[in-house]
Visitor: 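What follows is a single structure, and I will ask about it in a moment.
Here the structure is a predicted model, which is why all the values come from computation and not from measurement.
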Amino acid sequence: MLEVLNLGCVRGNRRLFRDLSFSLEAGGFLELRGPNGGGKTSLMRILCGLATPAEGEVRWNGTNIRQLREEYSAAIAYVAHLNGVKDELTARENLIVSERVAGNTLTVAETEGALERVGLGRQRHLAARLLSAGQRRRLALARLLLSQAKLWILDEMLTSLDDAGIALARELIAEHLAGGGLTIFATHQELDLISEGARRIQLS
């Protein structure tokens, strides 16, 4: 379970939000909405442990994430605007290195299966710098597909994806939730995800 308790965030002289509380259990989906500069990315960075809130705390299974450190880091997969792709590596190498950093070892079949699933089978040996913006986003989807993280935190995941890519993202998230995973998703676009545990928060 993820619990957010009385969270507040200030950037410079501007308060983005205060007294924000919610919880998310296995299979839960939370959609974050709001204008640019409304605090969505700041909230996600706090939830990832990359930024410190002005007030309140974030708990994972009842414990403050500041105390869990590496244990919590292993439980989350964070995809932000830049995808986390290394330009000098091939699509295949990006997946291998990403999972190695997370402490996981991939087989050739797992790597190539993930790339085929996201439509990058033919580009597996291509340097990431040569991929289009949409293909780089699909590579980020492949990382999610291989990740063992229970909590996915996705910031504008649909950006640069075509209709087929958006459908694929929806499919992968639905599978993750069905397997007991949790997802927090910031977007300006409609994901149209049908989930019993779905909630929406509007930041402004």
Side-chain angles (χ1 to χ4, degrees), residues 2-24 28-58 60 65 72-73 76-87 94 98 118 128-129 131-144 147 149 151-174 176-177 181-195 197-204:
L2 180 75
E3 296 174 280
V4 171
L5 304 172
N6 303 314
L7 212 62
C9 178
V10 176
R11 288 292 175 266
N13 296 321
R14 183 174 174 232
R15 176 169 287 279
L16 298 179
F17 53 83
R18 70 169 77 240
D19 300 326
L20 180 62
S21 297
F22 63 85
S23 64
L24 208 59
F29 176 83
L30 177 66
E31 182 178 317
L32 294 178
R33 289 284 187 146
N36 292 334
K40 298 187 301 298
T41 296
S42 293
L43 173 56
M44 293 191 135
R45 287 180 56 80
I46 291 172
L47 296 178
C48 289
L50 299 175
T52 302
E55 306 94 21
E57 63 177 322
V58 180
W60 178 248
I65 62 172
Y72 181 65
S73 295
I76 66 174
Y78 177 44
V79 177
H81 295 84
L82 297 180
N83 300 312
V85 172
K86 296 186 180 299
D87 286 343
N94 263 284
S98 174
V118 302
R129 68 176 180 276
L131 299 177
S132 70
Q135 288 173 328
R136 291 165 70 88
R137 212 54 169 165
R138 285 174 178 263
L139 185 53
L141 286 175
R143 285 176 49 215
L144 286 176
S147 171
L151 173 60
W152 289 2
I153 300 178
L154 312 178
D155 195 356
E156 298 292 351
M157 187 73 235
L158 305 183
T159 301
S160 300
L161 288 175
D162 56 17
D163 289 345
I166 291 173
L168 174 63
R170 185 189 305 119
E171 185 178 301
L172 295 183
I173 292 171
H176 181 62
L177 298 178
L182 303 82
T183 300
I184 298 175
F185 191 92
T187 182
H188 287 100
Q189 299 168 258
E190 290 296 336
L191 183 61
D192 295 326
L193 181 73
I194 299 175
S195 171
R199 299 178 57 196
R200 176 182 287 187
I201 289 178
Q202 178 78 27
L203 295 176
S204 60

Visitor: Evaluate the side-chain proximity of Leu144 to Leu172: yes if any heavy-atom separation is below 4.5 Å, no if none is.
Guide: no
Visitor: Taking the side chain from Arg137 and the backbone from Met157, do they hold a donor-acceptor pair closer than 3.5 Å?
Guide: yes
Visitor: How far does CD1 of Ile65 sit from CD of Glu57, to the nearest 0.5 angstrom?
Guide: 9.5 Å
Visitor: If you measure from CH2 on Trp60 to CD1 on Ile76, what distance do you get to the nearest 0.5 Å?
Guide: 9.0 Å
Visitor: As an exercise, state the distance from CG of Leu30 to CZ of Phe22, rounded to the nearest 0.5 Å.
Guide: 5.0 Å
Visitor: If only atom types and distance count, is the side chain of Lys40 paired as donor or acceptor with the main-chain N or O of Pro35 below 3.5 Å?
Guide: yes
Visitor: Could you tabulate the donor-acceptor pairs under 3.5 Å formed by side-chain atoms of residues 47-56, not counting sequence neighbours?
Guide:
| from | atom 1 | to | atom 2 | distance (Å) |
| --- | --- | --- | --- | --- |
| Thr52 | OG1 | Arg66 | NH2 | 3.2 |
| Glu55 | OE1 | Arg15 | NH1 | 3.2 |
| Glu55 | OE2 | Arg15 | NH2 | 2.8 |

Visitor: With sequence neighbours excluded, tell me which residues meet side-chain hydrogen bond (donor to acceptor under 3.5 Å, both in side chains) with Glu171.
Guide: Arg117
Visitor: Would you list the atom pairs, donor with acceptor, under 3.5 Å between side chains in residues 160-169 and any protein atom, with sequence neighbours excluded?
Guide:
| from | atom 1 | to | atom 2 | distance (Å) |
| --- | --- | --- | --- | --- |
| Asp162 | OD1 | Arg138 | NH2 | 3.2 |
| Asp162 | OD1 | Ala164 | N | 3.3 |
| Asp162 | OD1 | Gly165 | N | 2.7 |

Visitor: Taking side-chain hydrogen bond (donor to acceptor under 3.5 Å, both in side chains) as the test, write out the residues that go with Ser98, two or more places apart.
Guide: Arg143
Visitor: What are the two closest heavy atoms between Val79 and Ala140, and how far apart are they?
Guide: CG1-CB, 4.0 Å
Visitor: Compare all side-chain heavy atoms of Ile184 with those of Leu2 and state whether any distance is below 4.5 angstrom.
Guide: yes
Visitor: Can you list the residues that meet the side-chain hydrogen bond (donor to acceptor under 3.5 Å, both in side chains) rule with Glu31, with sequence neighbours excluded?
Guide: Arg33, Arg200
Visitor: Can you check whether Val10's main-chain N or O pairs, donor with acceptor, with Arg18's side chain at less than 3.5 Å?
Guide: no
Visitor: Counting N and O atoms only, with roles assigned by atom type, does the side chain of Ser23 sit under 3.5 Å from a partner on the main chain of Glu3, one being a donor and the other an acceptor?
Guide: no
Visitor: With sequence neighbours excluded, tell me which residues meet side-chain hydrogen bond (donor to acceptor under 3.5 Å, both in side chains) with Ser42.
Guide: none
Visitor: If you take all heavy atoms of Tyr78 and Met44, which pair is closest and at what distance?
Guide: CE1-CB, 4.3 Å
Visitor: If you define the side chain from C-beta out and look only at heavy atoms, does anything of Leu158 sit under 4.5 Å from Arg170?
Guide: no
Visitor: For Thr183 and Leu177, what are the C-alpha separation, side-chain angles and deciding distance, and is it a side chain to side chain contact (heavy atoms under 4.5 Å, CB included)?
Guide: CA-CA 7 Å; Thr183 300; Leu177 298 178; 3.7 Å; yes
Visitor: If you compare all heavy atoms of Gln202 against all heavy atoms of Gly34, which two are closest, and at what distance to 0.1 Å?
Guide: NE2-CA, 3.5 Å
Visitor: Which distance, rounded to the nearest 0.5 Å, do you find between the CG of Leu16 and the CG of Leu7?
Guide: 11.0 Å
Visitor: Between Val85 and Leu131, does the side chain to side chain contact (heavy atoms under 4.5 Å, CB included) criterion hold? Intermediate values first, please.
Guide: CA-CA 10 Å; Val85 172; Leu131 299 177; 5.7 Å; no
Visitor: Nearest 0.5 angstrom please: Asp155 CG to Ile153 CD1, how far?
Guide: 10.0 Å
Visitor: Can you classify the ring geometry of His176 versus Trp152 as parallel (below 30°), tilted (30 to 60°) or perpendicular (above 60°)?
Guide: parallel
